[in-house]
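A, B, ... follow the sequence lines: proteins, then strands. Residue 1 opens every chain. Worth knowing before you read on, the calculation uses all heavy atoms, side chains too, and leaves out hydrogens, waters and symmetry mates.
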There are 2 protein chains.
Amino acid sequence: MLDAAVSVFGRQGFHAASMDDIAELAGISKPMVYAYLGTKEDLFRACLHREATRMVEAVVGAVGSSTRPDEQLWNGLRGFFSFVGERRDGWNMIYRQSRGLEPFASEWAEMRGRMIDIVSGLLARAVESAGGPSGPEHLEPVTYALVGAAESMADWLADRPGEDPGRTAARLMNFIWLGAEDLLHGAVWRPSS
Amino acid sequence: MLDAAVSVFGRQGFHAASMDDIAELAGISKPMVYAYLGTKEDLFRACLHREATRMVEAVVGAVGSSTRPDEQLWNGLRGFFSFVGERRDGWNMIYRQSRGLEPFASEWAEMRGRMIDIVSGLLARAVESAGGPSGPEHLEPVTYALVGAAESMADWLADRPGEDPGRTAARLMNFIWLGAEDLLHGAVWRPSS
DNA sequence: GCGTAACCTTACGGGCGAGTAGGTAAGCTG
DNA sequence: CAGCTTACCTACTCGCCCGTAAGGTTACGC
């Protein structure tokens, strides 16, 4: 039943989706939806919460307890891309439909903040183990860049059913890590003039 | 008048925004809005088109005709972040409100595709001038990663009025280029096992 | 056979907002 | 000044869709 809601919301968005559509897809009638899950807003919130939690769990679970920072990142990315590959609708809902929608902005920001924190902590440990120079305020924007890159590639992946999530993760990993490695050791790019 | 619409749409989203709100903010009455710009959908489309065009122009103009690939990328990023810093509402509209909204998905995809093409072409020249190995099908996903990273940092920037766009561009440039440079010369990261 | 309770339906109220009809007032034209 | 055009507004219609009230169906106790 939440699945039906996620599917409809993911495809149509909060406003365009009607409760009748959701009820129909779930194979029940509208008052049942209200009986079980309350208003449309409650329903959307519940869906978003569930999908976001699953996503975070997928990533955290994949990162696991491996030791080397690059391996942690690699595992996390694979977990993330697998999640997106498997749960298209959930991803649509989180990434394409919840962002900037006023009643849910705080929920969304909180869950994305959790994601940022995970990655940020991961990077911090990487910096530490490499003895690099960056303080936390250098780290935060870089974390956003990394997460954004992953999201964008996930979206690319979501529209290409033939692609292998692992392969996509490897591509991104190359891009990130070969850059990050230089950065971790203090290399700096500067404009020429 | 389009400015008013962009502002309201950017903050509220297509559905939550009412034509009365827009008319009021523009200082005219609703029938005027309809007379000049047609239906709500037309209006949204016009706004999106204008803002996206301005954004692309800002980037293309900033890339200019400089020669070195890293300089081109650097200039393009500065143009992009300046745009976002200056035209908050436009950015909100493009990035937070148009994505995945069914009636506008094709418009959005087209304009983002243009952005992707620009960056992709830029990368292709960089690869060529470095004599690197990557074919175009390796290039496309990397372009998505790069664009996604820029978008995410732009969003980070949009919520932090104190930040300097140039500084943000430099951060991203470091992250991207020090990674890209390795890649351009054929370096590859691999999982350990 | 009749109450009744759990469960689900159809079918409606009501509000909100897109889009419009029709009116007002001011500027030309003769 | 009469007649026409332009520019704009107030005030309405109408449809959509959230949320609910009222009614039907099955299962069980007595």
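For A/Glu102 (side chain) and B/Gln12 (main-chain N/O), no donor-acceptor pair under 3.5 Å exists by modelled atom type. B/Arg45 places no side-chain N or O within 3.5 Å of a backbone atom of B/Phe104 that could act as its donor or acceptor partner.
Between the CD atom of B/Glu41 and the C1' atom of C/dG17 there is a distance of 16 Å, given to the nearest Å. Atom NZ of B/Lys30 and atom C1' of D/dC9 are 12 Å apart (whole Å). The separation between A/Tyr34 atom OH and D/dG19 atom C1' is 5 Å, rounded to whole Å. Atom CZ in A/Phe14 sits roughly 12 Å away from atom C1' in D/dC17 (whole-Å rounding). Put simply, CG on A/Asp20 is 13 Å from C1' on D/dT20, counting in whole angstrom units. The nearest whole Å value for the distance from the CE atom in B/Met19 to the P atom in D/dG15 is 19 Å. Going from atom CG of B/Asp42 over to atom C1' of C/dG19 covers 12 Å, rounded to whole Å. In this entry the distance linking CD of B/Gln12 with P of C/dC16 reads 15 Å, nearest Å.
Distances were taken from every side-chain heavy atom of A/Met32 (C-beta onward) to each of C/dT20, D/dG19, C/dT9; the shortest belongs to C/dT9. Of the candidate nucleotides C/dG17, C/dA11, C/dT20, C/dT20 has the atom nearest to the side chain of B/Pro31. With C/dG19, D/dG19, C/dC8 as the candidates, the nucleotide lying closest to the side chain of A/Lys40 is D/dG19.
Environment of CD in B/Glu24: sparse, with no more than 12 heavy atoms of neighbouring residues, nucleotides or ligands closer than 6.0 Å.
Across all strands shown, B/Ala17 has heavy atoms under 4.0 Å from sugar-phosphate atoms exclusively, and none from any base. In this structure, B/Ser29 reaches the bases: a heavy-atom distance under 4.0 Å links it to at least one base atom across the strands shown.
With sequence neighbours left out, the side chain to side chain contact (heavy atoms under 4.5 Å, CB included) criterion links A/Asp164 to A/Arg167.
When the side-chain nitrogen and oxygen atoms of B/Tyr36 are compared with OP1 and OP2 of D/dA7, none of them lie within a distance under 4.0 Å.
A/Trp91 and A/Tyr95 have their aromatic ring centers within a separation under 6.0 angstrom.
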